[in-house]
Every structure is written in structure tokens, then in C-alpha cells.
Amino acid sequence: MSSSQSFLESPPHSQASGRRRRSRFTHKQLHQLAQSTPHSPLRCIAHIDLDAFYAQCEGVRLGIPPETPLAVQQWQGLIAVNYPARAFGITRFLPLSEAYEKCPELVCQHVATWKEGEDSWAYREGAAKDIATSKVCLDPYRTESRKILACIKDALPPAPIQRVEKASIDEVFLDLSAQIHAILLERYPELNGPPPYDDPTENLPMPPTTALDWATDALVDLDGAETEDDDPDWDDIATLIGSEIVRDIRAAVYAKLKYTCSGGISKNKMLAKLGSGHKKPNAQTVIRNRAVQQFLSGFKFTKIRNLGGKLGDEVVTRFATDSISDLLTVSLDHLKKALGDETGSWLHSTIRGEDYSEVNPRTQIKSMLSAKSFRPAINTFEQASRWLRIFVADIFSRCVEEGVLENKRRPRTINIHHRQGQQTRSKQVPIPGGKQLSEELLFDSAKNLMAQVVVDGRAWPCSNLSLSVGGFEEGVSGNMGIGGFLVRGTQARSLLESERERSHGEGEDDHERPPAKRRKVDTGGIKGFLVTKEESSKGENGDQEHDGLFEAREPIHDDDNDYYEDMNNFDEDTATGETNLSPAGQRSPLSTPLPKHQQSLDSYFCTRCKSDIPLTEQAEHEDFHYAKDLAKQLQEEERDSTARTSAPKAKATPQASGGGKGKRGRPVGGGGPAGSGKTGTGTEKGQRRLAFGKG
DNA sequence: GTGGATGAG
DNA sequence: CGCTCATCCAC
């Protein structure tokens, strides 16, 4: 708040008095540093970013020398390219063939995969050809990410001083303020003394040094009016110490795990992040307060966090420029008028180097997702079900790593996302509590959700499917019996946890992002968002944004005709799962042969399909019929809604109460409900079973 | 709380 | 590109 004013005012005891000059900073501001107050003018934030992370992971795992050109492959594309390979002009998303043309010695490692019918993920020979039966697995990188995070934390002081935010799998933010405060007091005893007259608004003495040793850091040039001859103030010292800390951390990570990373050190998250990307690999960049404007003016504002998307595009078109320098000439009022008050003022301060968002000391994930794009699309519930089983195995194993089996954490909801053409839909239900979380439990819920998608209509062909769990709770017991209901919800959260949330609650997260109430305007094209509240007059279903993979198939907002159309399709689907519903006429490889591991198993005869169904398929096969029956039933209800009131029992949404699992009336066969099939899941450390067999 | 959407890596 | 993760908003 008012701290920025005193920050700019000339010190009370200035040179004019002939006495020793004093710092621009006050004792109070020094004290704020200890609390990691976001508005402290001495604040120091760092961003650390692993260099070509996935590529480094593979290099370390395989013991490949770091100078070797190395890329990580996912199907026919590259998802990570190390710096030696980049020197050959190899980039992300370059087709494999072109990459080899540019560098015949390139080492290409395919990502690990989950494969249908296999018990666990693995690095496999020729994985790229199994795109139809496998999904990629990022577990190896998560594991390495964890190790690195632990190493970084080890290199820092313990808990309250240390503030680490895991920003992604390969990035962290550090708030170094409190640690730097401690180091300042230690190194400069004169700072320990009480303020003159015990007045905290008194300015600090100047630092004793006149020339700072900036080591080998990439030091950003100063702003125009500044010169290197100017005496350093405490903010320069603080940044220098921050730079030392980051260098030590980087050295520790390399010494222990052999990963290189780049760093940015500055007064806030935005600048630190910009800094870490400034010079790579294996380098760090320091942006002193007095160099901020110089540094920033060299960037396009679309490089700034939150301006890389539609908002940034909007600003570009509004002001016909993408340069920060140009935008600096636009007045606050003008920005507000064009973008709305909040977004306007956010942008105004952001391009001036201001960002008071907090480093959120959080390293635990809040949700996890397992997904797959289908090429070609899949067309039956059974196919979807097989993928769901893989998703569940993936997610469950990650839940185990989160400590669900020890009741450390537990997800509250499960979510399915489904895509057909341009249309995406999602459904979610609470995960039934009370029981120990298990693959069966998740798989059952997932199938229920899928059935809901199916009965909603227009489910096929499905081009993308994903399953996620979220709403993780701390320390919730999943055991049956007394503990199960005694320990629940917020009561179970550790004091530490709630304490943390209280002090760093999301409430006062100052301008974490552009807070605009952006209103969705359905004009279709690239600018789906306006910042003002103008409504689009046209527009219900213009061209949807093309994503390059799928062309528009049909209008999105349609009426029930499409619903029936799709239901009819579904209805014609034969039980063998071979019917082809795709407009393009492809047949999914998944639908034809049964995986080998199922062929030899016992099967049962499905009277509706008039064919043998392996026992391992029984649960989902029955679900298949179940969803089909539901669909038919709903369709009839629709049709006869006016005439008949008696027939449809309110079975319409039996799954909605996901908790009553196994209660559903099964149309077929004596087989128990899907969930009741006990699979002796011997989850022996790290290895997880995919099989969902009946005991 | 649910479902859709943006944004970032 | 394909896959994760987080957050926000309208309902």
C-alpha cells in the first residue's frame, strides 16, 4: 500500500546534511522482508526451470552423456529436445523423419507407456506403433520431479522460512525473502540495531559496500538513468544474496541428481519467470529493481504470464501492437476503457513490472488426470471401458503414491471428460466414501460416468476421453468401521495445514491474474472472449474453433433430432462391438480381436449377443448392455412423454447416486454387479494390476 | 457443486 | 502435438 510512496521519497537524512547518506529503505520494510510480505520493496523471488526436462530425465536414466543430441518421442512426434539437439535445428513437434535428416546421430527415446493387457507401465521397444493400444505414461518424470523438489527443499532452511511453490512438473517459484532477511542480519550487524528513536519509519543506514560482486550471473542492463557507479542499496544486496542462494540450489541439484536448470531472480514472480527463460540452458539471470524497465521493454507483452492466450490477442488487436514499450504510452484510463477496470489496471501495473502475487507454499497436487486421444475415434462402450480400465490403473497407482493407502490423502470426486467432434462434455460424481479406495471402486464409478455420457447422446465417435480425480482431502480415513466416520473432512486436517491456509489464503492473493470478469461471447472464432460486457448479437453456433484434428461435423447446438439420431446409431451397434459408426468408415483395431490375454480365459455366453464373452469382460459387457438399455428407455420416455405417464419408472438416472453401487438391476446374466467382483489386487509396491477379473 | 473454458508447460 | 494441471465463471 503506502510502502511504495516512502520507497520513492528522498531519505530524511540526505547528503545535504553532510551526514552519511541513508538507504531508501526503512526499518519497517526490512522487517516486512522477514514476513515475506508481498508488498515488501525488498522482496526477492526466484524461478527455477529445468532445462528440457523430459530429455534430461531420459539422459540421466539411460546414462547418456549430456552433450549427446537427445529427444523424447511420443508416437511420431517429439515432445522434448535437449540443447545439443536444438543446435541441429531440431524442435519440438518436428516429425521424427525430419529430425533424423537434420541429425542422423540423434538419440530418440520413446516415452514409457501403459499398454492394454499389461500390468504396469514400461519403456517398450517399438512403442510408437502401439498408439492404438497404449497411452503415454509420465510417471518417470513425476518421480524425477519429486526428487528434484526434495533436493531443492533440502538446500533451503526449514519450513516457515522456506517457501516453495511447485508451478509445474519442471518449475518452482521460491520466495527467498525471509531467508535473505536472516542472512542480512547475520552479515550486516548494523541492521540489528533498533531504529533511531525507535521509529520504524526511519531509514536504514546505507550498505557498506560500494561495488558488488555479481559473480558470473547474467546481469541485466540497468535502466537508462542508472549507472553501475551508483551506490548499491539494500535491494541490490538482497537480490545478490538471492542469486547466491539460487546458484547454490542449482549446484546441489546437479551434484546430487545431475540435472541442470536455469534460474531467474527478481522482485516478483512475473519478472523471475521472465528471467529464468532469458538465458538457457544452465544459467541464471538477475533482474535488479533498477534494471526492471530496461529488461521489460525488450519483451513482447504476450510473453508475460496470462497474456499468452486470448487475452493477449485481444490486447494486441485493441492496440495494434505487441510491444510493451508501445503499451506503456497508453494511459490507465484508456486501458480500463478498452479492457474493463480490473483487467485494465492489472495490465497497466504488470507492464510496469509490478506483480504482488504470492508464492504459494504448496507442492501437493490437487487433481490428477489420465487421458487419451483416439485416432481413429472409438465407437463403443466396450472400447471406452477398456480405456477406462487403463486410466483407472494409472490414476490409482498415482493415488497410492499420494498416500491414499496410508490414508494420508484421498480424492473426493471422480470426473470423466468426453469429446465427440467439437463437442466436449464432462460428468462427475463424488467418490463413495467409507471404503478403502480401490481400482474397483474407481472403475465402477468411471463406467457409471461413461454410461451417463452415453445416455446423454452423441457419444460416438469419441475422439478423446479422460478420467480424473480431484478434491484431495488430507488425512481422511478410508477404513470401514469406527474410524471411517469419526475422522472426516476438515476435522481431519492437520493443524499445520489449516494454519497454512489461513495465513496464505487465496482471499488476498493480490492480482494473481487478470481479475477481469471476462464474458464469454459465442462468436465462435478466435476471440471468444471480450473484456467488456458487450454481448454478441450474432452468434449461436458459428464456426467453432478448429483444432486441426477434427473438422466440424455438425452444428453443436442442435435439437433432439441429433439425440435420436445418435441413439439410433447406438441401438444398431451390435454386441460384438464391431459395428462401425464412424462417418469416415474406419474401424478401430481395438474392436476386432480380443487381446491375447483374454482369449484363453473362460467365457460365458451372452444370450443377447449370441456370442462368447470372456469372463474378464463380463462386468463391462454387462455395463454395455446396461447403458444401451438405459438409452433405449430414455428414448422411449422422450417419445411417449405426452401420452404415457405410467411406464417409465424413475430409473432415468440411477447412476446419479453413485454411492449405491452394485444396486443396479442388471439386464443380463447371473453375474454380480461389476463392483462386487473382488479382484485380489495384490498391489505390490509400484506394480499395479490392470486385470479386472472376477474372483 | 457441476460443467465449460482459458492458460500454461 | 498430446497430455497434464490449475483456476475461473455461469449456472
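Here is how names work: the chains are called A, B, and so on, in the same order as the sequence lines, proteins then strands, and each is numbered from 1.
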Can you find a side chain N or O atom of [X] that sits less than 4.0 Å from OP1 or OP2 on [N]?
X	N	answer
A:S367	C:dA6	yes
A:R305	B:dG9	no
A:K310	B:dA5	no
A:K303	B:dG7	no
A:S373	C:dC3	yes
A:R398	C:dC5	yes
A:Q74	C:dG2	no

Find the distance [X]:[atom1] to [N]:[atom2] and express it as a whole number of Å.
X	N	atom1	atom2	value
A:W114	C:dT4	CH2	P	11 Å
A:F301	B:dG7	CZ	P	13 Å
A:I395	C:dC5	CD1	C1'	12 Å
A:L78	C:dG2	CG	P	13 Å
A:I414	B:dG3	CD1	P	13 Å
A:E144	B:dG9	CD	C1'	18 Å
A:N306	B:dA8	CG	C1'	9 Å
A:N448	B:dT2	CG	C1'	17 Å

Task: Sub-6.0 Å ring centroid separation between A:W387 and A:F374 - done: yes
Looking at every strand, decide which applies to [X] at a 4.0 Å heavy-atom threshold: base, sugar-phosphate, or nothing.
X	answer
A:R425	sugar-phosphate
A:L307	sugar-phosphate
A:S466	nothing
A:T424	sugar-phosphate
A:K166	nothing
A:G77	nothing
A:N415	nothing
A:I365	sugar-phosphate

Closest to the [X] side chain: [options]?
X	options	value
A:R92	C:dG2, B:dT2, C:dT4	C:dG2
A:P430	B:dG9, B:dG3, B:dT2	B:dT2
A:M368	B:dG3, B:dG7, C:dC5	C:dC5
A:W75	C:dG2, B:dT2, B:dA8	C:dG2
A:K366	C:dT7, B:dG7, C:dG2	C:dT7
A:L369	C:dC5, B:dG7, B:dT2	C:dC5
A:E171	B:dG9, C:dG2, B:dG3	B:dG9

- [ ] State which residues pass side chain to side chain contact (heavy atoms under 4.5 Å, CB included) with A:K336; sequence neighbours excluded, sorted by chain then number.
- [x] A:L332, A:D341, A:S345
Open item on the list: Under the rule for side chain to side chain contact (heavy atoms under 4.5 Å, CB included), what residues qualify as partners of A:S145, not counting sequence neighbours?
Closed with: A:F53, A:K166, A:I169
Task: NZ/NE/NH1/NH2 to OD/OE distance under 4.0 Å, A:E116 and A:R386 - done: yes
Open item on the list: Within the supplied structure, the quantity of interest is the number of heavy atoms (other residues, nucleotides, ligands) at a distance under 6.0 Å from A:K280 NZ; does it exceed 12?
Closed with: yes
Open item on the list: Regarding A:E171 and A:H47, do their side chains bring together a donor and an acceptor under 3.5 Å, going by distance alone?
Closed with: yes
Task: Stacked cation flag A:K102 on A:Y100, 6.0 angstrom / 45 deg - done: no
